[in-house]
Amino acid sequence: MEQRAQIEELVYRSCMALDERDFKGFLELCDPGFRYKVTVYSPEIRKEMVWLDQDRRGMETLFTNLPRHNSDHSPLVRHATVYTVKMNGGEAEVISALQVFRTALDGGATELFGVARLIDTVKLDGGTPRLASRVVRMETRQLGFGSHVPF
Amino acid sequence: MAKSGADWNATPKFPATHYVDSRIYTDQAIFEEEKEKLFKPSWIIACHESEIANAFDYRLFAHPSGVPLIIVRGDDQKVRSFYNICPHRGNTILYDPAGNARRMTCIFHAWSYDTRGNCIEISRAEQGYQDRFRKEDASLREVRTEVGFGGFIWVNLDDAASPLKDYIGPSMDILAPYMVEPMEVFHFNRAIVNTNYKLWHDTNSEFYHDFVHYFNRITGMMQPGYFDRRYTAFPNGHASVGSMSIQYDKYEGSKERAVGWPGLTPGGWYMVDLFPGLTYNLRTSVLRIDTAIPLGPNQVAIEFRGLGLKSDTPAQRAQRVFDHNTIWGPFGRNLHEDLLAVHGQGRAMREGTDSRWVIHGREEGSTIHDEIGMRHFYAEWSRRMGRAAHDPFRGNRPAPERAAA
């Protein structure tokens, strides 16, 4: 149970780091071989789609470039609930529910921005669990004017 | 010195062709008129042939005029379009946005239709209608449909409209050499933004707004050839933009695009804007298509499609998807910036804000920061609407009240 608690905390910390735009902190939770993907199925074209696919270096560059771009500054808050943790040798597959809320800077109204599942592979062979990969499996496909910060 | 109320309302010091009255973006009556005069008689892309590749495949499309359509490939492989409205009690016939339907059956009373629009079954017909009403009286309303210009499926609600080829004219000639190989849609998403559809099309019709895009400034504006790109205006309000060689490797984390496009110079980029709200955007390795579907004076749904080649290997397709996502995906660098910018326009121009004029005054020999694309659009808009875009309420038309300055 202690290991499960550590894994759950890793998922939650990753969400908190992204909420705070602490991208360095987020990457510190990730394995050097980390891979991040956003996937979604489109019933309109009846196809699986990939909306983002980056390795750790790609994520670093993405985060480095963000301040150079014009972005919406509304804070995003991720609410995750770890559903299942399946141990598999030195790894665990973790499935979590994710809701992302966006709060307008002007006035503070909060809206549900997106619903997804996090499918994480967590490395357990070191002292501290690390994210080896994350697939954000989106349910929401309509994101208004969108976001530069991934879920 | 800041402007007084009188200054703010004064006519801009430009020719009337170089500005518009911002009420054309907010007025409900103008919006309703646009649906009738601009969208209903225009050829509009509903989907791509790859979305309905097999017999009985269908795709739903919310036409910009408001009419719900079914686009379906028949048993004879012909693509036809029909109102997605049951002629019996006006119900929706097909609900899922895409699928395969040998029979299209209305769930309400089980009336069924084939892919040619014939009613093939009326449940308990004889008992209820005797010989007063037959299947032949219950066909679907068919809409003119053509396939072309890269395998896209175009619809036109006007039975008397001229053929698609005439509507497009020479505007797509610049892209014709690159539309030869069969293509396939790999990306679709829809963004709903609180802004007027014309403001989205404006954004696609001028490159001066590259100032909002860090990516485009670094890879384009600061590179040789950028200011040589030229606009060409065509009949019916269409316009194209010539190419340059985008230096993708100038953006940190980006690199020269390895896949390219058959016949296109490495780093090439062509755009064609089609009246009243379509854009072809062929950028090096991906074709993007924007379809603007106005939902109200200050709300638009924009359908985005990304296409590669049908012949792509998995590796080639993965690279195209990567290229697409870097700038045009829902988390891409440029799309969010464009959408944020037009959202900002919608916010500043919505009814009652006292937004007054929108200026399209840049003249740079029809090159990339010239605003000729928008001027050309609004000349056609004015012609079709019978209203001058710079003075839309002239004459006997009632002008809506303005907020106090």
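Just so it is clear: chains get the letters A, B, ... in the order the sequence lines come, proteins before strands, and each one is counted from 1. A quick note: this is a predicted structure, and the numbers were derived from the prediction, not measured.
Taking the six-membered ring for Trp and the full ring otherwise, the centers of B:Tyr280 and B:Phe152 sit less than 6.0 Å from each other.
Between A:Leu118 and A:Cys15, the closest side-chain pair of non-hydrogen atoms falls below 4.5 Å. Counting heavy atoms from C-beta outward, B:Leu60 and B:Ile70 have side chains that approach closer than 4.5 Å. Counting heavy atoms from C-beta on, the side chains of B:Phe82 and B:Ile93 never come closer than 4.5 Å.
Heavy atoms of A:Val149 lying under 4.5 Å from chain B belong exclusively to its backbone. If you measure heavy-atom distances from B:Val212 to chain A, the contacts under 4.5 Å come from both the backbone and the side chain. Heavy atoms of B:Phe322 lying under 4.5 Å from chain A belong exclusively to its side chain.
A search for ring pair (Phe, Tyr, Trp, His ring centres under 6.0 Å) contacts involving B:Phe207 returns B:Trp269, not counting sequence neighbours.
Residues B:Pro330 and A:Leu143 share a closest heavy-atom pair of CB-CD1, 4.2 Å.
A side-chain donor from one of B:His369 and B:Tyr226 sits under 3.5 Å from a side-chain acceptor of the other.
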May I have a list of the donor-acceptor pairs under 3.5 Å that connect chain B with chain A?
{"unit_1": "B:Glu51", "atom_1": "O", "unit_2": "A:Arg46", "atom_2": "NH2", "d": "3.2"}
{"unit_1": "B:Asp57", "atom_1": "OD2", "unit_2": "A:Arg46", "atom_2": "NH2", "d": "3.4"}
{"unit_1": "B:Arg59", "atom_1": "NE", "unit_2": "A:Glu44", "atom_2": "O", "d": "3.1"}
{"unit_1": "B:Gly99", "atom_1": "O", "unit_2": "A:Arg46", "atom_2": "NH1", "d": "3.4"}
{"unit_1": "B:Val185", "atom_1": "O", "unit_2": "A:Lys47", "atom_2": "NZ", "d": "3.1"}
{"unit_1": "B:His187", "atom_1": "ND1", "unit_2": "A:Trp51", "atom_2": "NE1", "d": "3.4"}
{"unit_1": "B:Val212", "atom_1": "O", "unit_2": "A:Asn70", "atom_2": "ND2", "d": "2.8"}
{"unit_1": "B:Tyr251", "atom_1": "OH", "unit_2": "A:Asn65", "atom_2": "ND2", "d": "3.2"}
{"unit_1": "B:Tyr251", "atom_1": "OH", "unit_2": "A:His69", "atom_2": "NE2", "d": "2.8"}
{"unit_1": "B:Glu252", "atom_1": "O", "unit_2": "A:Asn65", "atom_2": "ND2", "d": "3.0"}
{"unit_1": "B:Glu252", "atom_1": "OE1", "unit_2": "A:Arg68", "atom_2": "NH1", "d": "3.1"}
{"unit_1": "B:Asn325", "atom_1": "ND2", "unit_2": "A:Val50", "atom_2": "O", "d": "2.8"}
{"unit_1": "B:Asn325", "atom_1": "ND2", "unit_2": "A:Trp51", "atom_2": "O", "d": "3.4"}
{"unit_1": "B:Gly332", "atom_1": "O", "unit_2": "A:His148", "atom_2": "NE2", "d": "3.4"}
{"unit_1": "B:Arg333", "atom_1": "O", "unit_2": "A:His148", "atom_2": "NE2", "d": "2.8"}
{"unit_1": "B:Arg333", "atom_1": "NH2", "unit_2": "A:His148", "atom_2": "O", "d": "3.3"}
{"unit_1": "B:His336", "atom_1": "ND1", "unit_2": "A:Phe145", "atom_2": "O", "d": "2.7"}
{"unit_1": "B:His336", "atom_1": "ND1", "unit_2": "A:Gly146", "atom_2": "O", "d": "3.4"}
{"unit_1": "B:His336", "atom_1": "NE2", "unit_2": "A:Asp72", "atom_2": "N", "d": "3.0"}
{"unit_1": "B:Glu337", "atom_1": "OE2", "unit_2": "A:His69", "atom_2": "ND1", "d": "2.9"}
{"unit_1": "B:Glu337", "atom_1": "OE2", "unit_2": "A:Asn70", "atom_2": "N", "d": "3.1"}

